[in-house]
Amino acid sequence: MNGPIQSSLELTATTPTPPVEFEVLAPPPLLLPGERHEHYQALRQTIFADLAPRSAIEWLLAIDVAELSWEIQRYRLLRHRLLVTYRQKAVEAALRNIDMVGIAPEFEAEADYYTRQNALSWRLDPVATNEIETRLASYGFDQHSINMDVYVQAREVFGLFEGLLNGAQARRLLLIREIKKHRFLA
């Protein structure tokens, strides 16, 4: 099942596609905004080439392996985006610890607004990023402390993604074992 990786030109020439009678087994992918059909097809074709299904059952299992592999990639990307979002919140919290000390109650709302704006600038503007990170470091907020805050803030949702990833990986391995078992019995 494992072999050398082929280039995209080699793949399109040699990759099996489900026979016409099995097309019903492989409905069109349900992609999220930002996902590309060409990337999905490339992943799917690579998996089909590697698994080389030979029967309807193997095709069905290979299609499911491809779908689960796509889901795993999706979950990893979404988990990364989650960490980026929480990183901005961690920077915002660190800035709040620095900038909000001693602020009179009547100015807290305005100061909080500017703190959120600074955290957004940190995320979008490289010059602001350097300035804010230097300022945070001068107060003892290094990258490790920011990272720790990111994981603390994101722990519940991060755990959800870990569960999704682990579940999809376990199902994918089970399907690959089923293909091997099917071939051994055939």
Fill in the blank from the handout: Hits for salt bridge (Lys or Arg N to Asp or Glu O under 4.0 Å) against R177, two or more places apart or cross-chain, chain-then-number order -> none
Handout entry: Minimum side-chain heavy-atom gap F141-L95 below 4.5 Å
Key = no
Handout entry: Donor-acceptor under 3.5 Å (N166 side chain, E162 main chain)
Key = yes
Practice task
Return yes when atom CD of E38 has more than 12 non-hydrogen atoms of other residues, nucleotides or ligands closer than 6.0 Å, and no otherwise.
Solution key: yes
Exercise for the section: Decide yes or no for L185 and H182: does some side-chain heavy atom of the first lie under 4.5 Å from some side-chain heavy atom of the second? Expected result: no
Handout entry: Polar side-chain atom of E58 near backbone of R54 as donor-acceptor pair, under 3.5 Å
Key = yes
Exercise for the section: Evaluate whether atom CD of E106 has more than 12 neighbouring non-hydrogen atoms of other residues, nucleotides or ligands under 6.0 angstrom away. Expected result: yes
Problem - R96 bridged to E92 by N-O distance under 4.0 Å - result: yes
Exercise for the section: Could you go through the side chain to side chain donor-acceptor pair (under 3.5 Å) check for W122 and E133 one step at a time? Expected result: CA-CA 8 Å; W122 166 86; E133 287 181 358; 3.0 Å; yes
Exercise for the section: Determine, using the 4.5 Å side-chain heavy-atom cutoff (strictly less than), whether M148 and F158 are members of one ILVMFWY cluster. Expected result: no
Practice task
Would you indicate whether the side-chain heavy atoms of W70 and L31 approach each other to under 4.5 Å?
Solution key: yes
Exercise for the section: Walk me through it: do L165 and R76 pass the test side-chain contact (heavy atoms from CB on, under 4.5 Å)? Expected result: CA-CA 8 Å; L165 275 164; R76 287 178 178 154; 3.7 Å; yes
Exercise for the section: State whether the side chain of R123 and the backbone N or O of L120 hold a donor-acceptor pair below 3.5 Å, judged by distance alone. Expected result: no
Practice task
Flag the pair E178 and K181 as a salt bridge only when some basic side-chain nitrogen lies within less than 4.0 angstrom of an acidic carboxylate oxygen.
Solution key: yes
Problem - Donor-acceptor pair, side chain of D112 and main chain of E108, under 3.5 angstrom - result: no
Handout entry: From CA spacing to verdict: side chain to side chain donor-acceptor pair (under 3.5 Å), Q143, R87
Key = CA-CA 10 Å; Q143 295 300 322; R87 188 165 190 77; 2.2 Å; yes
Problem - Separation of S145 OG from Y139 OH (nearest 0.5 Å) - result: 14.5 Å
Exercise for the section: Could you tell me whether R171 and E71 make a salt bridge, using a distance below 4.0 angstrom between a side-chain N and a carboxylate O? Expected result: yes
Handout entry: No-hydrogen, no-angle side-chain donor-acceptor test under 3.5 Å, N118 and T115
Key = no
Handout entry: Donor-acceptor side-chain pairing of D149 and Q153 below 3.5 angstrom
Key = yes
Handout entry: Shared hydrophobic cluster for F161 and Y151 (ILVMFWY, side-chain gaps under 4.5 Å)
Key = yes
Practice task
Decide if atom NE2 of H37 counts as having more than 12 heavy atoms of other residues, nucleotides or ligands within a radius under 6.0 Å.
Solution key: yes
Problem - Transitive ILVMFWY side-chain link L68 to L164, under 4.5 Å - result: no
Handout entry: Short N-O contact, R44 and E67, less than 4.0 angstrom
Key = no
Handout entry: Pair H39-E35, side-chain contact (heavy atoms from CB on, under 4.5 Å): steps then yes or no
Key = CA-CA 8 Å; H39 293 167; E35 295 178 340; over 6 Å; no
